[in-house]
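Just so it is clear, the values below take in all heavy atoms, side chains as well, and ignore hydrogens, waters and symmetry mates.
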Amino acid sequence: MANRPSRETLTKRMDEMIRSIRDEIVSGKRNVGEFLPSERELGKLYTISNKSVRHCLDILVSEGLIEKIPKVGNRIADVSDNNSVTIRFGCHRSTVEETDLGTLISQFHKLYPRIRVQTMMLEHYVSVRQSLESGIMDVVTVNVPNFREMVEYDALELLEQQQPNGDIYPYLSKAFTHEGKLLVQPLTFSPVVLCYNRKHFREMNILEPDSSWTWEDLKQAAARLAVPNERYGFYFYLLSNNRWPVFLLQSGMRLPPEGEPVRICEGPWMEALRLCRDIVMNQTIMPLFYEEADAEKLFLQEKVSMIMTTYFSLNELKKADFEYDIAPLPYIENPKTLLIAIGLGINAKSEQKEAAQTFVDYLTSYRSQLNIRQRTLSIPALKPAAEWIGQETMFRPLRYPMHRDIVPTYRLYTDLNVTIEMLTAIINEVKLYWAGIESEQNVCVKIEKALNEIRSLSRTP
């Protein structure tokens, strides 16, 4: 009896089992017809009794996700039938956890039993535009770069127009509006923020960061927080287009209008790129990691004290056994940060547009958006849900509501007057400079040349 878990612990373990299996089915990790591990194996995996395992499985059966085969086991069910309509929903694998997608789809199936949602995981090397053009997807998640790529390729006719929702934050709808038409319905969003280990700050007797911090303040704190052969003071994935453009935004400079030559040498952009390099190179040993998610992995292992991250990525820290918090990003001249928004687009060529619209309306409803707010660390696009106040069921940073206070600092990469192609050209050149194998002057000239060539080609019929 002494080892029997408390009711709260048991509930959490059972919830974890249901959500894990649900997410594995929704994300395609488990396929139709595949059998789950035995009840005994599941009990060991989630540290619950066989009776509790059976209760969890009964819930999944009631949702139509699995079926029990007597004397054989529990099998992933085929939810489609002759009377149902199937819509194909394209999203990235990370979206499953960031939105608690498994729960949302299960609830949707209960409300609309004649509409079945088949999730299809998007690969990063396949553009949303190409997915829509191929007709593979009925509904697809779209971020701001995806949307702007479609604008640049004159491909917006692939998206079905949406009706604006007055309860969604206006700046999110604006990000997906072109020539007065809303073409993507906002789902979730996040500013880029600073996340830090509070224990490390206390150990080093350093005051926690706040909105007054400059990057120089961060560099000084990082130097004190770093412990040789043990942890870094600060880290972010340098090549991520969701991170490094922050420095350009904070420089206060944007490219001149079309027709005017691009000049960045000796200007604010080069100062910003120099600062970006210095912050990371300031470490005693240069971090050698290759994915954006490495920052959260290092932070979870307490191998770094501060990271540049998003509310989306905070979901990777749910199992942290230490106290952490968030703060606004430090700044150069202007307190600005990058706004990352994710929305839902309906394929204008879909043969199931009515069902697809029903699904989009459901995911952006108060019920679904409140589920995202209560069960994840992501920020829902619907203001009443995002600003809900009530009894929390999971750990949240003390400053979680900070996103409401820093709205004036939100910027999109388009505020730089650049295209996705231009961002790619910049990073292709500047990474040599950051690696120390290209001089600042040379890389500056190459960036200017590349951007002017892109603009010249865009003007060519």
For Ala341, which residues count as a side chain to side chain contact (heavy atoms under 4.5 Å, CB included) partner, sequence neighbours excluded? Val144, Leu172, Phe176, Phe189

Mind checking what makes side chain to side chain contact (heavy atoms under 4.5 Å, CB included) contact with Thr393, not counting sequence neighbours? none

Qualifying side-chain hydrogen bond (donor to acceptor under 3.5 Å, both in side chains) pairs with a residue from residues 167-177, counting only residues at least two apart or across chains: Tyr169-Glu387

Do the two ring centres, one from Trp215 and one from Phe247, sit under 6.0 Å apart? yes

Can you confirm whether or not the ring centre of Phe89 sits under 6.0 Å from the ring centre of Phe359? yes

Hey, can you pull the donor-acceptor pairs under 3.5 Å for the side chains in residues 397-407, sequence neighbours left out?
from	atom 1	to	atom 2	distance (Å)
Arg399	NH1	Pro209	O	2.7
Arg399	NH1	Ile326	O	3.4
Arg399	NH2	Pro209	O	3.2
Tyr400	OH	Ser378	O	3.0

Closer than 3.5 angstrom, by distance alone: can the side chain of Glu149 be matched with the main-chain N or O of Ile420 as a donor-acceptor pair? no

Face-on cation placement of Arg129 at Tyr153 ring, 6.0 Å and 45° thresholds: yes

Identify which one of Leu338, Thr409, Val246, Leu249 satisfies the side chain to side chain contact (heavy atoms under 4.5 Å, CB included) criterion when paired with Leu329. Val246

Is the distance from the ring center of Phe236 to that of Phe234 below 6.0 Å? yes

Residue pairs passing the side-chain hydrogen bond (donor to acceptor under 3.5 Å, both in side chains) test where at least one lies in residues 332-352, sequence neighbours excluded: Asp138-Ser350

Which disulfide bond (SG atoms under 2.5 Å apart) pairs, counting each pair once, include a residue from residues 417-458, with sequence neighbours left out? Cys265-Cys444

Other residues, nucleotides and ligands only: do more than 12 of their heavy atoms fall within 6.0 Å of CD on Glu157? yes

